[in-house]
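Taking it in order: structure first as structure tokens, then the write-up.
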Amino acid sequence: MSIILNNISKSYNKVKALDDISFEVKPGELFGLIGPDGAGKTTLFRILTTLLIQDGGKASVAGYDVQKQYKDIRNHVGYMPGRFSLYQDLTVEENLNFFATIFGTTIEENYDLIKDIYIQIEPFKARRAGKLSGGMKQKLALCCALIHKPKVLFLDEPTTGVDPVSRKEFWEMLKRLQQKDITILVSTPYMDEAELCDRIALITNGKILQINTPEAIIASFPKKIYKVRSSNTYQLIEDLRIYPDTHSAYPFGEYLHFTPKSEVFRSMDLTKYLEERHHKEIEVKETVATIEDTFMDLSKAHE
Amino acid sequence: MTKDNMIQVQNLTKMFGDFTAVNNISFEVGKGEVFGFLGANGAGKTTAMKMLIGISKPTHGAATVAGYNVLTEAEQVKRNIGYMSQRFSLYNDLTIKENIVFFGGIYGLSSADIKEKSQAMINELGLHDMADSLVGSLPLGWKQKVAFSVALLHNPKIVFLDEPTGGVDPITRRQFWEMIYMEANRGVTIFVTTHYMDEAEYCDRVSIMVAGKIEALDTPKNLKGQFQVDSMNQVFLKLARNIE
């Protein structure tokens, strides 16, 4: 196993940031930690990268214990923290050289690994990192985290605040890195990115809600789910909230996702109810759950 | 400007040296409309927004917000709008109540008014137990809901929201949008940026900026029709990719 966590806990004063977390990541796996701000993702990353000591439990990375063998771990992992981690007043090339030197290597030695990404920022190699656009900073930070050919790569919210186009490109880069036998643990608050991982852990308030492949997590959604829309979305939310058979009703893009309480729910009953309330262009259709539906359902049950 | 337009933008341009950050954009936003202002990182959204809220001067072109000219009446603009962003919204080391008093004061509300409004807000958000806690100790989603209400304290006609839901959990994110709908229903104009494309679908109309220009502007439904795709995410990818 590339990463093993056994009953890891960590508290800050009275706040339990991580509460008895256990899971394993296989070699070469692209594993996603999916959860909102404050879920405990960064605390977990800091423990695994030996920057923070857990209160309880054991963890190992690339076969090394995070406490006893922290120096070995540091040589074998790459870490891209959520906040920009580079030296703002060094140039692109100087940053990369700096990280290579620290790890006792050179840009040339592992150029193959970063080539795909680096050629995109190479035209700006003389520019100071502080003057790069968000997307380019992110690419440079990834190159710096990779320059010593780590066995395990930790990426803490690499796509937060990044637009959909750059996010898509970033995930394509990760898929290519995976081909080069690097284990990747990545966190994201964007639920749609979960589907790009081999396996995911849904995490909230320091607890893991579920761990599985994205497909299996979607398939485990316990209820029938319907997409509903009408010409007045705001009124539709209000009316679904007071509909007697509503278990949940959440906006989902142009539709609302609706789950009924009863097993005997019929979509024609809901249509009739909405017609009585003067909705127009009513549509009620059964649909498939997404990771986000599952996340909301599980976190509601956990409250 | 027609009576119902809360934002009117004509040929608005901003240059930094010889770099054109915002290139000749024009659009209008109506009263009570939820207007989504989308674009890739670096497309010029923030620069455009800064001009609309009166803190950056246009190089060319003109804009009126809530009836005031952003160039010549910037102070009036600031008094008549609300603003919140992901990066800055409230003071973490003040309590919820203290933040309300502080921002109420900044916007020139009387103390009787502040008292009444903070009570109403605490009731509406169900914050009785937390009113005296430091804002820094709140979960991000709660913080953003409070920040939104604080941005509305002085009854602005327009609220500017700069990525208000980034990193917020999915349930709270939706509650936040329900608050947006409620305000829009009351006639408040909402100008919002987001990187969540499902949220783009919640807007009445959406504009997409690419390299300083507005390359698309319509209802989500019409945009999907125009680009022959099923989701705003695909519209966004198609537009931003094609132009590069």
Side-chain angles (χ1 to χ4, degrees), chain A residues 13-15 34-39 41 82 132-138 157 159-169 188-192 202-205 229 232-238 241 248-257 281 290-297 299-300 303, chain B residues 34 38-43 45 86-87 137-144 163 165-178 180-182 184-185 193-202 204 208-210 219-221 224 230-241 243-244:
Chain A
N13 298 322
K14 284 180 194 158
V15 183
I34 318 291
D37 203 88
K41 305 188 300 287
L132 294 175
S133 74
M136 286 197 277
K137 279 181 184 172
Q138 183 202 37
E157 297 206 14
T159 55
T160 293
V162 174
D163 69 76
V165 176
S166 308
R167 278 168 53 195
K168 191 165 184 282
E169 286 171 357
T188 177
Y190 295 102
M191 304 274 157
D192 56 344
L202 302 180
I203 179 169
T204 192
N205 295 325
R229 75 168 158 190
N232 185 340
T233 312
Y234 179 63
Q235 196 55 44
L236 184 63
I237 297 171
E238 299 276 290
R241 284 282 144 78
S248 68
Y250 292 116
F252 250 88
E254 61 178 319
Y255 290 91
L256 261 71
H257 279 190
E281 300 166 44
T290 64
I291 296 283
E292 199 157 3
D293 288 298
T294 316
F295 187 92
M296 290 195 285
D297 191 59
S299 54
K300 212 176 164 188
E303 267 171 13
Chain B
V34 181
L38 311 185
N41 300 98
K45 295 189 304 280
Q86 190 190 4
R87 282 161 287 272
S137 68
L138 295 179
L140 178 71
W142 274 103
K143 213 188 271 186
Q144 297 304 76
E163 285 184 45
T165 56
V168 173
D169 73 86
I171 293 179
T172 315
R173 195 154 71 81
R174 285 170 172 80
Q175 289 167 348
F176 192 92
W177 272 89
E178 285 181 31
I180 291 181
Y181 276 133
M182 197 163 74
N185 241 30
T193 73
T194 180
H195 286 315
Y196 290 98
M197 287 302 119
D198 60 333
E199 295 185 347
E201 312 260 6
Y202 307 156
D204 295 319
I208 301 179
M209 266 185 100
V210 182
T219 62
K221 194 178 167 187
K224 284 181 277 183
D230 307 324
S231 69
M232 281 305 294
N233 192 41
Q234 287 164 299
V235 171
F236 193 96
L237 292 178
K238 222 167 170 171
L239 203 58
R241 282 264 157 106
I243 295 203
E244 265 174 12

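Lettering of chains follows the sequences in order, A, B, ..., and the numbering in each one begins at 1. Computed from a predicted model, the values in this text were never measured in an experiment.
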Problem - B:Pro170 versus chain A, the contacting section by heavy-atom distance below 4.5 Å - result: both

Problem - Close side-chain approach of A:Tyr250 to B:Ile171, heavy-atom, < 4.5 Å - result: yes

Problem - Structural part of B:Met182 lying under 4.5 Å from a heavy atom of chain A - result: both

Problem - Note, B:Glu201 side chain near A:Pro251 side chain (heavy atom, < 4.5 Å) - result: no

Exercise for the section: Using a 4.5 Å cut-off on heavy atoms from C-beta on, say whether the side chain of B:Leu237 contacts that of A:Val165. Expected result: yes

Handout entry: Non-hydrogen side-chain atoms of A:Pro164 and B:Phe236 separated by less than 4.5 Å
Key = yes

Problem - Toward chain A, the part of B:Gln175 with a non-hydrogen atom under 4.5 Å - result: neither

Handout entry: Which portion of A:Phe295 sits near chain B, non-hydrogen atoms under 4.5 angstrom
Key = side chain

Practice task
Look at atom CG of A:Asp293 and say whether more than 12 heavy atoms of other residues, nucleotides or ligands are closer to it than 6.0 Å.
Solution key: yes

Practice task
Please round to the nearest 0.5 Å and tell me the distance separating atom OH of B:Tyr181 and atom CD1 of A:Ile237.
Solution key: 5.5 Å

Problem - Pair B:Arg173 + A:Glu292: basic N to acidic O under 4.0 Å - result: yes

Handout entry: Distance, nearest 0.5 Å, that separates CG of A:Asp37 from CD of B:Gln144
Key = 9.0 Å

Exercise for the section: Begin with the C-alpha distance, continue with both residues' side-chain angles, and end with the deciding distance and a verdict on side chain to side chain contact (heavy atoms under 4.5 Å, CB included) for A:Phe252 and B:Arg174. Expected result: CA-CA 9 Å; A:Phe252 250 88; B:Arg174 285 170 172 80; 3.4 Å; yes

Problem - Residue part contacting chain A, namely of B:Asn233, when any heavy atom lies under 4.5 Å - result: side chain

Practice task
Specify the closest pair of heavy atoms between B:Gly39 and A:Asp163, including all atoms of both residues, with the distance to one decimal.
Solution key: O-CB, 4.2 Å

Problem - Segment of A:Met191 engaging chain B (4.5 angstrom heavy-atom cut-off) - result: side chain

Completion exercise
The interface call for B:Asp204 against chain A, heavy-atom contacts under 4.5 Å, is neither

Exercise for the section: Measure the CG-OG distance between A:Asp192 and B:Ser231 for me, rounded to the nearest 0.5 Å. Expected result: 10.0 Å

Exercise for the section: Heavy-atom pairs under 4.5 Å with chain B are the metric here; pick the option from A:Val162, A:Thr188, A:Thr204 that has the most. Expected result: A:Val162

Exercise for the section: Check B:Gly167 against A:Pro189 and note the closest heavy-atom contact, atom names and distance. Expected result: CA-CB, 4.0 Å

Practice task
Keeping the roles fixed (side chain from A:Tyr234, backbone from B:Asn185), state whether a donor-acceptor pair exists under 3.5 Å.
Solution key: no

